[in-house]
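A single structure is presented below for examination.
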Amino acid sequence: MRMTRRPWRRRPAIGSWPVWSLPRWLLTYVLAIDTAAVAAIAIAASFTTITEHDLALFGLLLGCTALAVELTRKTGEQGGHIRDVQGVWELPVAILLPPLYAVLIPMARLALVQARVRRAPLYRRVFSGAAVGLSYGAASVTFHRLSGLVPDASSIRAEVFSRERLYNDVAEISIAVLVTYGVAGNPLIAVAALPVVTLLQRSLRHVQLLTESRADSKTGLLNAATWEREAASEVIRTVRTKSPLAVAILDIDRFKAINDTYGHLAGDQVLKEIVNTLNSTLRDYDVAGRFGGEEFSLLLPQTRAVDAFRIAERVRANIAGLRIIAPGAVGGERVQVTASIGVAALDAGSRRELAELMAAADAALYRAKAGGRDQVHMISTTRGLSAASGPGGGAAANGANGRHDVPTAFHRAHTSLTTQADPQDQLPVRMTALLSR
C-alpha cells in the first residue's frame, strides 16, 4: 500500500496577515484592545488564588457554553451584527468568580466558535474576545468592589422579596394596568384613580414605619421589645413541642472605656462589627437583638445546651479576633474588643418562661464578668449544669478543684438559680424592669 503525503502548506508570513491591511487608526485601536486584554489577564492572574471550587464552577459554565456552541453548528453563524444568548453562562462567571475567569471565558467561547462553527479572520476573533473579556472583567471588578458596600444576601432577600413588599409591587402593577386601560377610554378615569393610588402610597409608608418600629436604628437588629415578643412566642412553642432552646446575653467588655479613649465614632464602629460578626456566625433561624447600650440578646431555637455553648464560644472568639482601627488614631491604633456572654439552656421537654431563662442568662453573664471577662458561662435551667470557656474561664468554673484549663464538659453548678447566696446570681433590677413590661 502506497501512502500519499499531503502537500506541506507554508504558513503566511507575519507581514502578510490581513490585520496589517486595516487603516492605521483602526489597526492602532485593535492592537490597543488586544494589548489591554493581555495586560488584564496578567494583572488578574497575579491577584487570583486558584481554588478547586472556582475551577469546578468555571468548568461547569464553560461546558454549558461549549454545548451551546455545538448546538449552533447546524445553523451556523450569521454575518454582520451577531446576537446570541451566551451571556446566560458568562454573566455568572463575572459575578461569582474572580475577574480572571470573566476575562477568559469569552475568549474561550470565541475560540470554540472559530474551530467548530465558522472560520473568520483570526484578528477579528482575537479582537472580539479581547473586547468582550475586558467588559466582563470590568463588570466583575465593579461588582466585587461594590459587594462589600451592600447588605448581605439575607438582608437583600428580606428587603426586596418579603411577602409584604411583593404584595405591594403586584398591587402597584395591577392598578397601573387598570389605570392604563381606563384612561385609554376616558382620561377622567385618572382623576378617579388618584385616591386609590394615594391609598397604596400610604400602605407603603405603613410597611416602612412598621419595619422601623421593629429594628434598632443604630445596629439594624431587632430592638429589645420586638426581640422579647418573638422570643416569648418561641419559648411557648418550644415548651409545647418539647424541643430544646437556649438564650444568651452578650455584653461588650469595657465599652465605656472604648468610647472615652477612642471616641464615639470608634464605639459605633465596634457595634457595627459585632453585628456583622453575629450575622455571619449565627444560623439563619437564630434571632439577635440589641438588648441595651452595649448588650445584645440571642435566641437559639432547636439548640441543645452543648450546641448553644459552642455557638456562644464561637461568637466570643470571633469578636476577640476583630481588627478594628480607631478613626483618626495615630498610626492606625487597633481597638481591642472582647465580649462576655451568658447562656441559659432549656432542655427538651422542660417547662420554663422567658423571664426565667433571661434571669439565668444574666446570672451567667455576671459570672463571666466576675471571672475576668472575655468568657462564656452557661447554665442549664433544668439539670443544674454549668460550663465556662474563654481566657481564664476554666479558673472561674473549676476553682474548687484547682483546675485552670478550659473545660471540655459541663459541671454541676455549686449554687442554685433560686438561692440568694451569690449576689452575682441575683436578677438585676434592669432585667426585672424589662421583662415585667
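In this text the structure is predicted, and so the values were computed from the model without any measurement.
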Step by step, would you call Ile341 with Met378 a side chain to side chain contact (heavy atoms under 4.5 Å, CB included)? CA-CA 8 Å; Ile341 304 177; Met378 196 214 70; over 6 Å; no
Look up atom CD1 in Ile319 and atom OG in Ser340, then write down how far apart they are to the nearest 0.5 Å. 10.0 Å
Which residue in the set Leu61, Leu62, Ile105 passes side chain to side chain contact (heavy atoms under 4.5 Å, CB included) when paired with Glu90? Ile105
Do Val235 and Leu357 have side chains that get closer than 4.5 Å, going by heavy atoms? yes
Judged by atom type as modelled, is there a donor-acceptor pair below 3.5 Å linking the side chain of Ser128 to the main-chain atoms of Arg125? no
side-chain hydrogen bond (donor to acceptor under 3.5 Å, both in side chains) contacts in which one or both residues fall within residues 264-274, not counting sequence neighbours: Lys218-Asp268, Gln269-Glu273
Return yes if some donor-acceptor pair links the side-chain N/O of Asp286 with the main-chain N/O of Arg283 below 3.5 Å, else return no. yes
Less than 4.5 Å apart, any side-chain heavy atom of Val315 and any of Leu278? yes
Heavy-atom nearest pair, Ala246 first then Val343, reads CB-CG1, 4.5 Å
Polar side-chain atom of Ser350 near backbone of Leu346 as donor-acceptor pair, under 3.5 Å: no
Using a cut-off of 6.0 Å, state whether more than 12 heavy atoms not belonging to Arg323 lie near its atom CZ. no
Mind checking whether Ile50 and Asp54 have side chains closer than 4.5 Å, heavy atoms only? no
Correct closest heavy-atom pair for Ala37 and Met107 would be CB-CE, 3.8 Å
Answer yes or no: is there a side-chain heavy-atom contact under 4.5 Å between Met358 and Val247? yes
Could you check if a side-chain atom of Ser243 sits within less than 4.5 angstrom of a side-chain atom of Thr238, using non-hydrogen atoms only? yes
Output yes when a side-chain donor or acceptor of Thr142 lies under 3.5 Å from a complementary backbone atom of Ala138, and no otherwise. yes
Checking Phe255 now: which residues fulfil ring-ring contact (aromatic ring centres under 6.0 Å, His included) with it, not counting sequence neighbours? none
Side chains of Val126 and Leu110: closer than 4.5 Å at any heavy-atom pair? no
Any Thr51 side-chain heavy atom under 4.5 Å of Leu55 side chain: no
Between Leu365 and Glu295, does the side chain to side chain contact (heavy atoms under 4.5 Å, CB included) criterion hold? Intermediate values first, please. CA-CA 11 Å; Leu365 174 62; Glu295 291 184 330; 3.9 Å; yes
Which value, rounded to the nearest 0.5 Å, describes the distance between Thr35 atom OG1 and Ile33 atom CD1? 9.0 Å
Backbone N or O of Val132 within a donor-acceptor pair of the Ser135 side chain at under 3.5 Å? yes
Taking all heavy atoms of Phe296 and all of Ile274, pick out the closest pair and write down the distance. CE1-CG2, 4.0 Å
Where the side chain of Arg304 meets the backbone of Val306, is there a donor-acceptor pair that is under 3.5 Å apart? no
Passes side chain to side chain contact (heavy atoms under 4.5 Å, CB included), Leu57 versus Val93? Steps please. CA-CA 8 Å; Leu57 182 57; Val93 174; over 6 Å; no
With rounding to the nearest 0.5 angstrom, report the CZ to CG distance, Phe127 to Leu22. 10.0 Å
Rounded to the nearest 0.5 Å, how far does CG of Leu250 lie from CD of Glu294? 10.5 Å
Take Arg316 and Glu313 through the salt bridge (charged side-chain N to carboxylate O under 4.0 Å, His left out) test and state the conclusion after the steps. CA-CA 5 Å; Arg316 182 207 64 78; Glu313 170 58 23; 2.7 Å; yes
Heavy atoms only: give me the nearest Leu354-Glu228 pair and the separation to one decimal. CD2-O, 3.6 Å
Between Arg229 and Ala232 (side chain of the first, backbone of the second, donor and acceptor by atom type, cut-off under 3.5 Å), is there such a pair? no
Modelled atom types, side-chain donor and acceptor of Thr281 and Asn318, under 3.5 Å: yes
Does any part of the side chain of Leu245, heavy atoms only, come nearer than 4.5 Å to the side chain of Glu234, both counted from C-beta? yes
Got a donor-acceptor contact below 3.5 angstrom from the Glu230 side chain to the Thr226 backbone? no
Identify the heavy atoms of Ile189 and Gly182 that sit nearest to each other, and give their distance. CG1-O, 3.7 Å
Has the side chain of Trp227 got a donor or acceptor atom that lies under 3.5 Å from a matching backbone atom of Val287? yes
Between Pro98 and Ser140, the two heavy atoms sitting closest are C-OG, 4.0 Å
Give the intermediate values and the outcome of side chain to side chain contact (heavy atoms under 4.5 Å, CB included) for residues Ile258 and Val337. CA-CA 9 Å; Ile258 294 176; Val337 181; 4.3 Å; yes
For Lys369, which of Asp253, Asp374, Asp362 qualifies under salt bridge (charged side-chain N to carboxylate O under 4.0 Å, His left out)? Asp253
Flag if over 12 foreign heavy atoms under 6.0 Å of CZ, Arg237: yes
Spatial distance of atom OG (Ser297) from atom CG (Leu221) [nearest 0.5 Å]: 8.5 Å
Does anything in residues 98-123 pair up under ring-ring contact (aromatic ring centres under 6.0 Å, His included), and if so which pairs, sequence neighbours excluded? Phe58-Tyr101
Check whether Thr303 reaches the backbone of Pro301 with its side chain - one donor and one acceptor, N or O, closer than 3.5 Å. yes
Between CZ on residue Phe291 and CG on residue Leu222, distance to nearest 0.5 Å: 13.5 Å
